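To start, the structure under review is shown below, and the notes come after it.
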Protein chains: 2
Amino acid sequence: MEIRHLLYFKAVAEHLHFRNAAASLFISQPPLSRQIRELEEELGVQLFLRNNKRVVLTEAGKYFATSVDTIFAQLEESKNITRQIHLAADSGELKIGYTSSVYQPHLAEILKALRQVFPFIKTSLYERPTIKQIEALEQGKLDVGILRAPVHSDKLEVQTLFFDPFMVVVPSAGKKFNNIGELADFIKDKPFIFFNKEYAPHYYDKLVEICHRLGFKPDITHEVNNVHSIVQLVEAGLGVSILPLSLKQQYANLQLSFIELKDIPVNTEVVLAYKKSNLNAALKWFIKNYNSK
Amino acid sequence: MEIRHLLYFKAVAEHLHFRNAAASLFISQPPLSRQIRELEEELGVQLFLRNNKRVVLTEAGKYFATSVDTIFAQLEESKNITRQIHLAADSGELKIGYTSSVYQPHLAEILKALRQVFPFIKTSLYERPTIKQIEALEQGKLDVGILRAPVHSDKLEVQTLFFDPFMVVVPSAGKKFNNIGELADFIKDKPFIFFNKEYAPHYYDKLVEICHRLGFKPDITHEVNNVHSIVQLVEAGLGVSILPLSLKQQYANLQLSFIELKDIPVNTEVVLAYKKSNLNAALKWFIKNYNSK
DNA sequence: ATTTTATGATACTTAATAGCTATCAATAAT
DNA sequence: ATTATTGATAGCTATTAAGTATCATAAAAT
């Protein structure tokens, strides 16, 4: 039995006329007669009573007709849902966003483990500022983002990863600061190197707040749009900066001094963000395993 | 899409191995690959992720697999029920039993009307004694019987058609009986013509009861097994008989006298009997219309 | 009663396609 | 680096669905 048989049966059951039914199927009458006969033979059931002038459904045929309707409806629904799942869950790709200011030593490790579980997954990493990531996540251009709070979006789920205090970064000079006051005096007139305001407005505000607490207004001479440039410019002696503490280990080999701001109660929250409606199975695995590490 | 595609899909989903799946389907691997590709193209959905070494279901594929299971189960159930209905309801024939002693002038009329509603029905009429009909009905050899109560069978449904009083049948002689006493005197020594006891035991008992009430014991000289023979023998002057009144009109043209036994409170009940489990649509129509006439 | 028309079945031919063989490219194990 | 295994591809064969022509017969028309 093939779906063709069921389809042809339905046509004859509706028309109760082989020639008309055949026309409605855009085939000629003899093959239709044959397919119906085949179906009846396979079932061992007479579905139609017919002579040259009249075609009627048997009782069994009547039942089978309604039954075939149900099956077709179910098949159609199944196809639709399958297509929906395909669109929602089976990109075969996991698009991950991250900000340059977050150092993630175990990301590579997790991507490796991901390929064990999803051997066909393609992963794409995008370094993007928080605000761009939020847009991209909302539009489905990213599956998950590693970024800094706050995330103001009711379309996204947010999970805290950790809280990151700040540190002052200055060129390595063997200098020692006994207290916050000495440090503030040292840097207050130095040129500051930082992200530009459009790139990371919230982050920019934090910097200004920290300097305010240290008793001065920063002179932001160089604005850049990624953390690597900031660090390089500081190392080259063009100025100082204030960055999240977690970056310290990433640049431990550079000629820089990092001074933690222990007494300044300002920090940033690093989070995972993703669309709740995103069915991507690799995403689910990623969230679960990133968190538990 | 054909059922073949779904069947092949299921095989690959179970084996997660094209060559093994092909072997399990007793086909070679290339056509299997092609059918799966066709299915994926029609759905617009990737069902498997695969390379030369590994085959896994996508999320959409996982859903589709369970969904196809359901559809197959439903199709199988539908086929079974259709076959059952075929066996129970679609004989395309209506087998009617009747006793020779019941005259049914509108039976022919009803059979004609039946053919309007069921143009393909084949009707078979069987003249059989009540006890044989009961057996045949129970065994499904008859669909419906027109017979005389009592019907002692818990497998059969019984519907009363009418109550039939008795009459005495004698050769036409212009004789007149002013009362039951005269009649009894006239027939008590005559030879009786009647059904044999094995053929219609209950009916036989009724005859004896009537004679008892008339004050004599019948001398049953001729035993026969159909009502036509009884009537013919009476007409030929071989004896007398006692028969149901309803037969009077059937033999009105013969040289016979019919004397109603108005004062004898013995009659027989004519009934329709049929199996309740019989789904024959023509039977249902027959019962309904026979009754309402 | 006879003729005409319409219809499903049948016999045979053509066209589409499922399935087969041979082979390739790529992966993973040795 | 080599070998074995596997799904994909190309081209051919065999099966079968679909088409054409025709028949037999039931119902309608005459």
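Proteins get letters first, then strands, A, B, ... in listed order; numbering begins at 1 in each. Because the structure is predicted, anything quoted here is derived from the model rather than measured.
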> Going through the distances and angles, do K62(B) and E59(B) end up as a salt bridge (Lys or Arg N to Asp or Glu O under 4.0 Å)?
Replying inline: CA-CA 5 Å; K62(B) 283 178 200 165; E59(B) 291 302 304; 3.0 Å; yes
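Salt-bridge annotation for E40(B) and R50(B): present, with a side-chain N of the basic residue lying under 4.0 Å from a carboxylate O of the acidic one. Under 4.0 Å is where a charged nitrogen must lie from a carboxylate oxygen, and between K275(A) and D143(A) no such pair does. At a threshold of 4.0 Å, the pair E109(A)-K112(A) does not count as salt-bridged, since none of the basic side-chain nitrogens sits closer than that to a carboxylate oxygen. A salt bridge links K79(A) and E76(A); the closest N-O separation between the charged side-chain nitrogens and carboxylate oxygens is under 4.0 Å.
For the atom pair CG (N278(B)) and CD1 (I287(B)), the distance works out to 8.0 Å, reported to the nearest 0.5 Å. Interatomic distance, Y63(A) OH to Q84(B) CD, rounded to the nearest 0.5 Å: 9.0 Å.
In terms of phosphate contacts, R37(B) brings a side-chain nitrogen or oxygen within less than 4.0 Å of OP1 or OP2 of dT9(D). The side chain of S33(A) places no N or O atom within less than 4.0 Å of a non-bridging phosphate oxygen (OP1 or OP2) of dG8(C).
Remark: P of dT10(C) and CZ of F18(A) are 11 Å apart, rounded to the nearest angstrom. Here the P atom of nucleotide dA18(C) and the CD1 atom of I3(A) are 13 Å apart, to the nearest Å. As a whole-Å value, the separation of Q29(B) CD from dT21(C) P is 12 Å. The separation between E40(B) atom CD and dA8(D) atom C1' is 13 Å, rounded to whole Å. Per the geometry, CZ belonging to R19(B) stands 13 Å off C1' belonging to dT9(D), to the nearest Å.
The stretch residues 47-54 of chain A comes close to DNA chain D through N52(A), K53(A), R54(A), each having a heavy atom under 4.0 Å from the strand.
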>> Does the protein touch nucleotides 10-18 of chain D at the base, only the backbone, or not at all? Give it as B, S and - per nucleotide, heavy atoms under 4.0 Å.
In response: -------BB
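Aromatic ring orientation, F9(B) versus F48(B): tilted (interplanar angle from 30° to 60°).
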